[in-house]
2 protein chains.
Amino acid sequence: MSRSRPQTRVSVRPYHHGNLRRALLHEALTTIRKDGVEALTLREIGARLGVSRTALYRHFADKRALLAAVATEGFRTLRQRLVAAWEDGRDRAAFEAMGVAYVGFAVANPAHYRVMFGSALAAKADDAKTVDCDLVDEAEGAFQALVDALATLQREASVRQEDTVTMARYVWAVVHGVAMLGIDGQISEPGAVEQLTSYAIERLRTGIAAVEPAAPRRRH
Amino acid sequence: MSRSRPQTRVSVRPYHHGNLRRALLHEALTTIRKDGVEALTLREIGARLGVSRTALYRHFADKRALLAAVATEGFRTLRQRLVAAWEDGRDRAAFEAMGVAYVGFAVANPAHYRVMFGSALAAKADDAKTVDCDLVDEAEGAFQALVDALATLQREASVRQEDTVTMARYVWAVVHGVAMLGIDGQISEPGAVEQLTSYAIERLRTGIAAVEPAAPRRRH
DNA sequence: ACCTGAACACCGTTCAAGT
DNA sequence: ACCTGAACACCGTTCAAGT
């Protein structure tokens, strides 16, 4: 009952010298994607990989650490998506594309997204012993992408000249809030999340735009 | 080891005819508040109440149902806070007070707030069999308080004349996002959450305000 | 009706032992 | 170094039995 999986067995040693970690991470993410976090079991991911259920402890301190690693990878992917959207223009349209990319990632990977914000980060205020530094770094990296983009827009004066970090936090809060609403099934109608996203970005624009827009109402 | 708690023993039968449900709910909430959801154990809350650990199943289908009930109570309290803030003025200032009240509730009860949005609602898109109707109703009730307030502001034309539900969802997303950021410890400096809240409400105002404000720039 | 106590299947984690 | 197998303490849940 453990030899019958169609895994490619080309390499001599299946999961040694470090790929076990990667394999564990990948398997955990697959399970989370398919059935959610609460379905994640260390025993089963071991079994699924054809490995003892305690082998995991060579690569992760405990289940929390595994989840933190999953979350870290999520923030890395998210940052890449955000940066890609921004680099494609580096203007206000690109900034708004970042928002769409953000919500899009969350809605496409709801369970993963939930893990990213699920209490693993919350330990920050605590004794700082249970905090995963990689996770914090990666989360701050994704946030930094937003700050950088916003700073650029401020430099070209298409956005209010206010504290960049506070503004970025506000923008983050908006897209995060929209994403959560979209994930939690509060919005049931199909397409409603996309509609809310574009509406939110529109209202966000009028919210943070420079007080005097570049093109005031000339032709009335 | 089970008789030594200083519970008032005035009533003849300790937890019969229906107060067991309330006691379980209260005990669960207390534990969640103190140590978070992951520390919640059916066995221990039974023990803490001096009751068998299976007595709970007379009042709740399973642990999920208990958590759903805790979440429901959270939404009820939240709605009361929101309505109270709104009724105290019923104007734009009162509307902004609702925002402060919302974030205030979340930050004051982070673990409880997390349960309210923790996957219990997410089953809505599924086969609709695991959905707790009371929870959905109460959550929608809290949301409705926001819709009603917004509709009033629209009637007196101090807010954009757009689809009320979409606008309300946007506002909800903003406060929810700020609350989550505040809870997740992403914002570490003291007072930063309050600062972000007031900033967000300010930018929210310029975002959803009627296009032509009541007092246009007369004195240049 | 409501509660109990024993039992079941499952979980994360530890640890001495293997290679 | 890396992995195993048995064991430990714990969990949610079921169910026949008590009152």
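Sequence lines set the chain letters: A, B, ... in the order given, protein chains first and strands last, and positions in each chain run from 1.
- For the pair B:Arg114 and B:Phe117, the NZ or CZ position fails the cation-pi test of under 6.0 Å to the six-membered ring centre and within 45 degrees of the ring normal.
- The pair A:Arg53-A:Glu44 fails the salt-bridge criterion, with no side-chain N (NZ, NE, NH1 or NH2) lying under 4.0 Å from an Asp/Glu carboxylate O.
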Donor-acceptor pairs under 3.5 Å, side chain of residues 173-180 of chain B to any protein atom, not counting sequence neighbours: which ones?
| from | atom 1 | to | atom 2 | distance (Å) |
| --- | --- | --- | --- | --- |
| B:His176 | ND1 | B:Tyr113 | OH | 2.5 |

### Task
Toss me the dot-bracket line for DNA chain D: Watson-Crick and G-U wobble, both under 3.5 Å, 5' to 3', using | for pairs to another strand and [ ] for crossers.
||.|||||...|||||.||
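- Computed from coordinates, the A:Arg22 CZ to D:dC2 P distance equals 16 Å when rounded to whole Å.
- Rounded to an integer number of Å, the gap from A:Arg21 CZ to D:dA1 P is 18 Å.
- The ring-ring contact (aromatic ring centres under 6.0 Å, His included) test applied to A:Phe60 returns no partner, not counting sequence neighbours.
- With sequence neighbours excluded, no residue forms a ring-ring contact (aromatic ring centres under 6.0 Å, His included) with A:Trp86.
- When side chains are defined from C-beta on, B:Val70 does not count as touching B:Leu40, because their heavy atoms never get closer than 4.5 Å.
- The separation between A:Leu49 atom CG and D:dC2 atom P is 16 Å, rounded to whole Å.
- At a threshold of 4.0 Å, the pair A:Arg76-A:Asp137 does not count as salt-bridged, since none of the basic side-chain nitrogens sits closer than that to a carboxylate oxygen.
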### Message
I'd like to compare against my own output: the B/S/- annotation of nucleotides 9-14 of chain D with a strict under-4.0 Å heavy-atom distance to protein.
### Response
--BBBB
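- Remark: A:Glu87 pairs with A:Arg90 by the salt bridge (Lys or Arg N to Asp or Glu O under 4.0 Å) rule, at least two apart or across chains.
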